[in-house]
**Q** 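Shown below is the structure under consideration.
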Amino acid sequence: MISQIHLDDLAASARHGAGNAGSMLSRWLHREVRIEVCSVASVRLDLIPQEGEDAGATTITIASRVNGGLPGNAAVQLSYADATQLVVCLGGKLPGEEQAGGIGEMERSMLQETANILFSSMMNGMASRMDIVAVPLAPVVLVDVGTAAWDALLIESAACADDAVVVTARIACIGSGPTIHLVFLPSPEVLHAITRGAGHD
Amino acid sequence: MISTEAVRKGQIKDIKVLIGQVHLTRSPNRLQSVLGSCIGLVIYDPEIRLAGMAHVLLPHAEGRPRGMLPGKYADHAVDCLLESLTAHGAARSRLRCKFAGGARMFDHALDYTRDIGASNIASVTDALAAARIPVIAHHVGGRLGRRVEFTPEDLTLVVEDFGHNRIEL
């Protein structure tokens with residue numbers, strides 16, 4: 001069981017990572033951004049807040065496996081409206097929500113590259129503060145209904161417990177632009193390592 | 001067909017079944033869930049219009065205790081639904097089942113997930129066969145998420161995928 005003191009340590013690293021991710025997003029989108037939320041909490045699986053909780057909504061999830069010293073699953077979740085704004089910032093255009101299944105290759109790459117930048121900066125920022133290395137793999141874009149993508153993201157944590165440690169950063173553009181919900185679910189094995197090795201026992 | 005007016009007035013409750021949860025309800029309420037690789041498993045007693053839905057995330061408990069989320073594993077979910085339904089007046093011999101879900105969401109992108117959807121489908125099928133609960137209908141597999149809604153009033157499980165294909169089971 002991870003203690004509050006370990007969660008606080010992880011939160012300090014997450015804030016460092018979110019700061020990095022915010023700066024990188026700002027450069028990528030040529031817009032000022034603010035970190036609205038950066039939190040680390042142990043949450044029961046069914047109570048984890050997710051983008052697209054309105055069952056009818058279309059949600060874009062861009063997910064990546066993270067390897068190295070800080071393994072886990074990273075995901076960017078976007079409402080369709082935020083994804084549309086994000087793509088516009090990058091010079092592209094998404095079809096209307098009813099045609100969301102037909103998103104073009106170029107726009108898909110824009111979403112993928114945004115997630116790639118965010119995962120690398122967030123995870124490297126977190127990992128460097130912990131004196132380890134994180135290696136996010138190429139992200140995958142999934143356009144689907146509401147919270148459907150979460151089933152796959154939660155499997156690893158769910159196999160070990162009824163709750164999961166969730167690292168959340170919400171980054172919003174100042175003025176116009178998208179709000180991006182960045183989530184990292186550390187692997188249970190790394191949490192065990194943190195509780196064993198952080199010197200707070 | 002249930003009117004949206006009745007839902008708005010609070011005469012009918014739409015109950016959302018989240019990951020690992022199990023919920024029971026009677027007509028005229030409805031059970032709803034959003035599924036990717038998970039299974040929305042509904043067991044019901046058609047005579048008294050009592051139904052339960054589990055949101056199954058993983059195939060086998062492998063000896064782990066039931067915990068706070070009794071629907072998390074397929075085998076626990078079937079046991080929990082049978083216990084709860086019979087405790088609320090359902091007859092074991094009348095119980096029937098419909099289920100949906102088990103999509104392959106990320107393919108090989110997240111290696112550790114393997115094809116968890118297929119494993120979930122197989123485990124739910126095995127657990128139902130072991131419990132001798134007849135499966136009336138199912139809609140499983142594929143690569144798209146699903147919204148599901150079970151209405152105990154008419155015993156229909158409506159499945160709608162991301163492509164807006166709507167199927168009534």
Side-chain angles (χ1 to χ4, degrees), chain A residues 43-50 52-67 71-75 80 97-102 112 136-164 185 187-189, chain B residues 14 16-23 32-40 55-62 64-73 101-117 119-120 142-149 159-165:
Chain A
V43 186
R44 211 170 80 180
L45 298 173
D46 54 334
L47 304 178
I48 295 174
Q50 300 158 22
E53 285 189 332
D54 165 13
T58 298
T59 308
I60 297 190
T61 305
I62 313 151
S64 172
R65 179 67 190 171
V66 180
N67 288 335
N73 295 309
Y80 199 75
E97 191 171 337
E98 61 288 353
Q99 270 105 42
Q112 200 174 17
L137 303 182
V140 187
V141 180
L142 188 77
V143 185
D144 215 314
V145 287
T147 54
W150 272 82
D151 295 359
L153 294 171
L154 287 176
I155 288 167
E156 190 181 30
S157 304
C160 297
D162 286 346
D163 42 32
L185 296 157
S187 209
E189 66 184 74
Chain B
D14 285 335
K16 290 190 169 49
V17 185
L18 304 175
I19 284 173
Q21 292 183 347
V22 174
H23 284 285
Q32 300 174 333
S33 200
V34 177
L35 309 162
S37 56
C38 287
I39 304 277
H55 187 139
V56 178
L57 179 69
L58 290 166
H60 300 289
E62 287 163 355
R64 295 182 186 95
R66 208 179 271 178
M68 292 180 291
L69 298 171
K72 188 166 87 173
Y73 296 104
R104 184 170 188 151
M105 302 298 289
F106 284 102
D107 203 0
H108 297 294
L110 299 176
D111 274 350
Y112 72 95
T113 66
R114 305 170 308 270
D115 189 358
I116 197 77
S119 303
N120 283 338
R143 306 179 72 92
L144 295 173
R146 295 168 168 90
R147 283 185 287 269
V148 296
E149 179 176 280
V159 182
E160 196 177 305
D161 70 18
F162 173 64
H164 302 292
N165 301 304

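Computed from a predicted model, the values in this text were never measured in an experiment. Within every chain, numbering begins at 1; the chains are lettered A, B, ... in the order of the sequence lines, protein sequences first and strands thereafter.
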**Q** I need the minimum non-hydrogen distance between A/Ala152 and B/Ser37, along with the two atoms involved.
**A**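 That closest heavy-atom pairing would be N-OG, 3.9 Å.
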
**Q** Which heavy-atom pair separates A/Thr58 from B/Phe162 by the least distance, and what is that distance?
**A**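 Smallest heavy-atom distance, with atoms named: CG2-CE1, 3.5 Å.
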
**Q** How long is the gap from CG on B/Leu18 to CG on A/Leu47, to the nearest 0.5 Å?
**A**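 The CG atom of B/Leu18 sits 7.5 Å away from the CG atom of A/Leu47.
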
**Q** On a heavy-atom basis, which atom in A/Ala148 and which in B/Gly145 lie closest, and how many Å separate them?
**A**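 That would be CB-CA, 3.9 Å.
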
**Q** Side chain to side chain contact (heavy atoms under 4.5 Å, CB included), that's the test. Do A/Asp46 and B/His55 meet it? Break it down for me.
**A** CA-CA 10 Å; A/Asp46 54 334; B/His55 187 139; over 6 Å; no

**Q** Please look at A/Ala161 and chain B and tell me whether the side chain, the backbone, both or neither of the residue comes under 4.5 angstrom of a heavy atom of that chain.
**A**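 The backbone, not the side chain.
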
**Q** Can you tell me how far CG of A/Asp162 sits from CG of B/Leu69, rounded to the nearest 0.5 angstrom?
**A**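 With rounding to 0.5 Å, CG (B/Leu69) is 4.0 Å from CG (A/Asp162).
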
**Q** When rounded to the nearest 0.5 angstrom, what distance separates CD1 in B/Ile116 from CG in A/Leu154?
**A**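 The CD1 atom of B/Ile116 sits 12.0 Å away from the CG atom of A/Leu154.
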
**Q** Got a second to check how far A/Asp151's CG is from B/Leu35's CG, nearest 0.5 Å?
**A**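 Here the rounded value is 6.5 Å.
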
**Q** A/Asp144 pairs by side-chain contact (heavy atoms from CB on, under 4.5 Å) with which of B/Arg146, B/Met105, B/Arg143?
**A**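 Going through the options one by one, the only one that passes is B/Met105.
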
